[in-house]
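Every chain is numbered from 1 and lettered A, B, ... according to where its sequence line falls, protein lines coming before strand lines.
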2 protein chains.
Amino acid sequence: LTIVCTLALVALTVTVIVLSPRCLSWWQSSPVYQIYPRSFKDSDSDGIGDLKGILDKLDHFQYLNIKAIWISPFYKSPMKDFGYDVEDFRDIDPLFGSMQDFDDLLAAMHDKGLKLIMDFIPNHTSDTHQWFNLSSSGHAQYKDYYIWANCNTTHAPNNWVSVFGNSSWTYVEERQQCYYHQFLKEQPDLNFRNPHVRREMTEIVRFWLEKGVDGFRMDAVKHILEAKHLRDEPQVDPQQDPDTIDTEFELHHDYTTTQLGLHDILQDWRGEMDVYSREPGRYRFMVAESYDYEETDKTMMYYGTPYAKESDFPFNFYLMDLPTNLTGTGAQGLVNLWMANMPVGKWPNWVVGNHDKPRISSSVGQEYITVINMLLLTLPGTPTTYYGEEIGMVNINVTIDEIQDPFGKFNPVSNASRDPQRSPMQWSDGPNAGFSDANHTWLPLHPHHTTVNVEAQQKDSGSVLSQYRALSLLRQAQLPLHRGWMCYVWSDADVFAFLREIDGLDKAFLVVLNFGADSVINLSAITELPEQLTLHMSTKQENYGMPVIKSSISTARGEGLLLEYSTHMRFNPGHASQCFVSEKACYLGVLDILYKC
Amino acid sequence: LTIVCTLALVALTVTVIVLSPRCLSWWQSSPVYQIYPRSFKDSDSDGIGDLKGILDKLDHFQYLNIKAIWISPFYKSPMKDFGYDVEDFRDIDPLFGSMQDFDDLLAAMHDKGLKLIMDFIPNHTSDTHQWFNLSSSGHAQYKDYYIWANCNTTHAPNNWVSVFGNSSWTYVEERQQCYYHQFLKEQPDLNFRNPHVRREMTEIVRFWLEKGVDGFRMDAVKHILEAKHLRDEPQVDPQQDPDTIDTEFELHHDYTTTQLGLHDILQDWRGEMDVYSREPGRYRFMVAESYDYEETDKTMMYYGTPYAKESDFPFNFYLMDLPTNLTGTGAQGLVNLWMANMPVGKWPNWVVGNHDKPRISSSVGQEYITVINMLLLTLPGTPTTYYGEEIGMVNINVTIDEIQDPFGKFNPVSNASRDPQRSPMQWSDGPNAGFSDANHTWLPLHPHHTTVNVEAQQKDSGSVLSQYRALSLLRQAQLPLHRGWMCYVWSDADVFAFLREIDGLDKAFLVVLNFGADSVINLSAITELPEQLTLHMSTKQENYGMPVIKSSISTARGEGLLLEYSTHMRFNPGHASQCFVSEKACYLGVLDILYKC
Ligand SMILES: [Ca+2]
Ligand SMILES: [Ca+2]
């Protein structure tokens, strides 16, 4: 009998292993949290955040159930673009600390089960990088490390313009040539057609992987290659006087973005990262940053192909357009832009803010802050939260005299400054909101910090922060939210509603999000829903457990509802075109396991 | 003792297996031979070659030691572009025979150890393909199978021009739209942005793999995708009146060739082929056809990346420029264009003619025919031979009235006709050179067929054919020629010389090729060469075994010498920049094996 039992057990174990779907990796289970290190926490009282400051605040992530922390660049840099201009890819800027501080931070994060995602900035270096100095002087080994072309002081090699405005070419007297810069003139573009440059950058990737970092956010990837022929880009308006072209919006970027060969480079780096991903639990994550609004298929290519892995996902920035699509139908439309175009089997992701774009909380208005967080955390895939979104921070006002952002100083008239979304994190109602002991912080605190801060919101169960935390915990704890189907069930001028269900599990969720005015919707037509559902969470009221009738679901302006229900009927089988899942999995109650189905 | 011996033997076997370099695959061991099926052998006396005709002539390949046969298209076709306009990718044109004839041919080839490479033509179909009829009428399922754009009878959607001249757009009254065709208007381009089209074409690849074909030559791959935005391509001369643009040479093809996403499609097909390559000896071969003269790196991309396999090689057409580079230095330059740009570890290949380009034998002159074959067959990598090159066939004269090539008829003034290089194969001095019993062949025989034919040349040990055969056998039999190093040792106005050696083997070869006038070169400076070498083969004399002194190596105009020598010194270790090898392997004389080194 013992033998039979043992054999049966072995057989069962084998069956379970064979039938188990892939476990979600850490970058799928947890939201990604973006830290802008100048603004997170200042440990040495100079008014600017630093690595030790981050170390002091790791409990915040444990509180929020967030495991994946992306920190914007802290490499050695002259800070012309606040760290996106790197002088030494293997060193830490003293402003942020030392390499020891970095090692301490990484060790402490790993101790707490947190993952550190670095910013990797392959497109360019600072003009103070030693490679650029050697290249400018024509050093044999380095002369082709950057993109040089013949020109003179008055005529650029072609009409290409920088993302930051004006010609993307700058003349260097020493070399009597122009170099190309997609961004500031202090950020010369590396020449990725030079195999030495590719090798150098790959070695830098390896350097940080060896240190143990858990992933990279690949910055500005679409700019990595440019056309070799250097021909003028076509004008959007062919009638425009060519001499007046000075912004990126006036040209079609056929020769400066997304060139053939780009993906080969990213696939190489992915390959390097895979080498370091073999240890269990040590998967190295890659997210690609590329803004290609009009050409969704170009963005989707960063997911890789069936034969060549690339990023785990490219950032999805569509939800940042919520302010101009603030209706139920608008929200569904933005969600669907990703879902309808994403390759089969891939993992979605959602971003509502970052260091480059004004916080949408300021334009949508306070009343929609929590419903946006609920959208973010109940959709399938990985949400990304820019620091402060978890407490509802908004843009600060920065007068022209106060502008810190070099790009903003460069374009003072056009509201181009990115300072408003970079104000210090609001930890408490104390001096400088607990961000710093300095007399002066690098950017002013938002005046509302006395009420909008972590400490105060932790005490308030209805706060933006408490709701964020509850949703983050729910997202991981509830199988349907974690990895189930998402199906559209309703959208109108006010409300966007979708359900989350998993085959085999009776518990499912209906998410009803109000992006307009007070509303009552009738979902009687959805026969797969039971007549009565239960309120699991509302962003505006505390009525946990209250029954809700499907024929009359009320939401106030900006309210989000998470409704739970129990059913044996599934919605997805009959509505394939409204439903989405990355990898199908079914729940088997008897054994409390998931299996491939 | 028996046990010890057994163990020792096992250990030795394991060591040999572990240390063995990869065996060369069939497409590396054998030259590729291109059959233009209209012109190879006519079995049913209609004056046009056919599949049964090929079956009749398989002995020719065994005689030549050629295993890899690429047959230009024989799909069902209205023959507007002689089969490159396919009406049904799953059927054989009656002109060439039946599906039974194909099956018989493939079976007979496999019986004889021959491999059949099909032409796959993904870019377009014939306008008589049922898909196009359904698409023209706006059938819901097929309307996006081709590339349609709004236009009217007088204005094309943009300035794009066909490779065959004039606008690449043609208006269809039924749909009141224009369709895009990169080639003839009877060859509408498929829309590879439509996933259904990708699936259909992949199923066709699978259909032929299931039948057992051994590989595909992928036709016109750079044209597979076009830019979605359909903007005008930039003019080469911006001052040219746009209304006068009607040839491909007047535009930069930034939007109609080599678009992002192209390689993903080829990698998909490669993946399909890999599934069918798992059986030992059943490797399925892919060669990509793409003319990208100026952008070598674009051509090299068809080799794939370290992470995603693609073609085994893209055709290398540089040697077709020999007529305008007919010097030793010129020949080396063309060879080096490939060698210097090919990714490390890849396998080179060489083409001197095909059905699209005039035979270079006519422009270089008779006296250089054999030296070109010697170059082709002694370089490292796979040579491709267009039918007739093995006997020194030259272009025929075709008067304007006689033109058969639709492209030629379309452009009668510009000598665009491809008929001259497509004349019937010359098998004997009999009627129609043994090609056909018909009264009239589809193109005239070359008048010199009475002397230049297979039968006559088989009897003459100094003939083009006999030399070809000797070189083909030598190439496979002699390890240094088969897979050894190739090192440049000399080039001047007349002579190009390189050596072939393999580490560990005392026997090596020096190849001295004369592309100019009578010459004597002095290789005394090459200390790795012994004073005296032995003539293994000359294209102009029969002095096998004659000693040749390295300080005075004579070649006549157009003469090629294959010299053998014995040495313990290797040239490659001291001259890395002049030397090339795909995969390093060393010979171990004691065991008569190759091992990784
Ligand atoms: Ca760049
Ligand atoms: Ca095409």
Side-chain angles (χ1 to χ4, degrees), chain A residues 158-159 192-195 198-199 202 222 225 227-236 238 242 251-275 290 292 294-310 341 343-344, chain B residues 158-159 192-195 198-199 202 222 225 227-236 238 242 251-275 290 292 294-310 341 343-344:
Chain A
N158 58 34
N159 73 345
F192 272 89
R193 299 198 187 268
N194 179 342
R198 285 184 64 165
R199 217 167 298 141
T202 299
K222 74 173 176 179
L225 286 177
K228 280 198 294 186
H229 54 60
L230 302 186
R231 289 197 288 271
D232 280 357
E233 291 193 321
Q235 299 182 192
V236 171
L251 295 174
H252 293 295
H253 301 294
D254 298 323
Y255 304 145
T256 58
T257 64
T258 325
Q259 299 296 292
L260 199 76
L262 162 65
H263 291 281
D264 299 354
I265 296 172
L266 288 167
Q267 287 166 14
D268 272 357
W269 291 333
R270 174 73 259 177
E272 288 296 324
M273 294 171 70
D274 280 347
V275 171
S290 172
D292 271 297
E294 274 110 64
E295 300 205 65
T296 317
D297 54 337
K298 285 193 177 171
T299 302
M300 296 302 170
M301 283 186 181
Y302 295 101
Y303 271 117
T305 72
Y307 299 98
K309 256 183 87 178
E310 204 164 316
N341 289 297
V344 172
Chain B
N158 59 32
N159 74 346
F192 272 90
R193 300 197 186 270
N194 180 342
R198 283 181 66 165
R199 216 167 300 140
T202 300
K222 73 174 178 179
L225 287 176
K228 281 198 293 186
H229 54 60
L230 303 186
R231 289 198 288 271
D232 280 356
E233 290 192 321
Q235 299 182 191
V236 171
L251 296 174
H252 294 295
H253 301 294
D254 298 325
Y255 304 144
T256 58
T257 63
T258 325
Q259 299 296 292
L260 200 75
L262 162 65
H263 291 281
D264 300 355
I265 296 172
L266 289 166
Q267 286 165 15
D268 272 358
W269 291 332
R270 174 73 259 176
E272 288 298 325
M273 294 171 69
D274 281 347
V275 171
S290 172
D292 272 298
E294 274 109 65
E295 301 205 65
T296 317
D297 54 338
K298 285 195 176 168
T299 301
M300 295 302 171
M301 282 185 181
Y302 295 101
Y303 271 117
T305 72
Y307 299 98
K309 256 183 89 177
E310 204 165 315
N341 290 297
V344 172

K.L.:
Name the region of A/T258, side chain, backbone, both or neither, that has any atom closer than 4.5 Å to a heavy atom of chain B.
P.N.:
both
K.L.:
Check whether B/R270 gets within reach of chain A through its side chain, its backbone, both or neither, counting any heavy atom under 4.5 Å.
P.N.:
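Neither the backbone nor the side chain of B/R270 comes within 4.5 Å of chain A.
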K.L.:
Name the option with the most non-hydrogen atom pairs under 4.5 Å to chain A; the candidates are B/A308, B/A227, B/G261, B/G271.
P.N.:
B/G271
K.L.:
Just so I understand: if I count every heavy-atom pair under 4.5 Å between each of A/L262, A/D264, A/D268 and chain B, which residue has the most?
P.N.:
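Answer, by heavy-atom pair count under 4.5 Å with chain B: A/D268.
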K.L.:
Indicate the atoms forming the closest heavy-atom contact of A/P234 with B/R231, along with that distance.
P.N.:
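In this case the closest contact between A/P234 and B/R231 is CG-NE, 4.5 Å.
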K.L.:
So do the side chains of B/H252 and A/H229 get within less than 4.5 Å of each other, counting heavy atoms only?
P.N.:
no
K.L.:
Under the criterion side chain to side chain contact (heavy atoms under 4.5 Å, CB included), which of B/Q259, B/E295, B/H263 is the partner of A/L260?
P.N.:
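Per the side chain to side chain contact (heavy atoms under 4.5 Å, CB included) rule, the option paired with A/L260 is B/H263, out of B/Q259, B/E295, B/H263.
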K.L.:
How about A/D254 and B/Y255: does a side-chain donor come under 3.5 Å of a side-chain acceptor?
P.N.:
yes
K.L.:
Would you give the length of the straight line joining atom CG of A/L266 to atom OH of B/Y307, rounded to the nearest 0.5 angstrom?
P.N.:
12.0 Å
K.L.:
Atom CG of B/D297 and atom NZ of A/K228: how far apart are they, to the nearest 0.5 Å?
P.N.:
3.5 Å
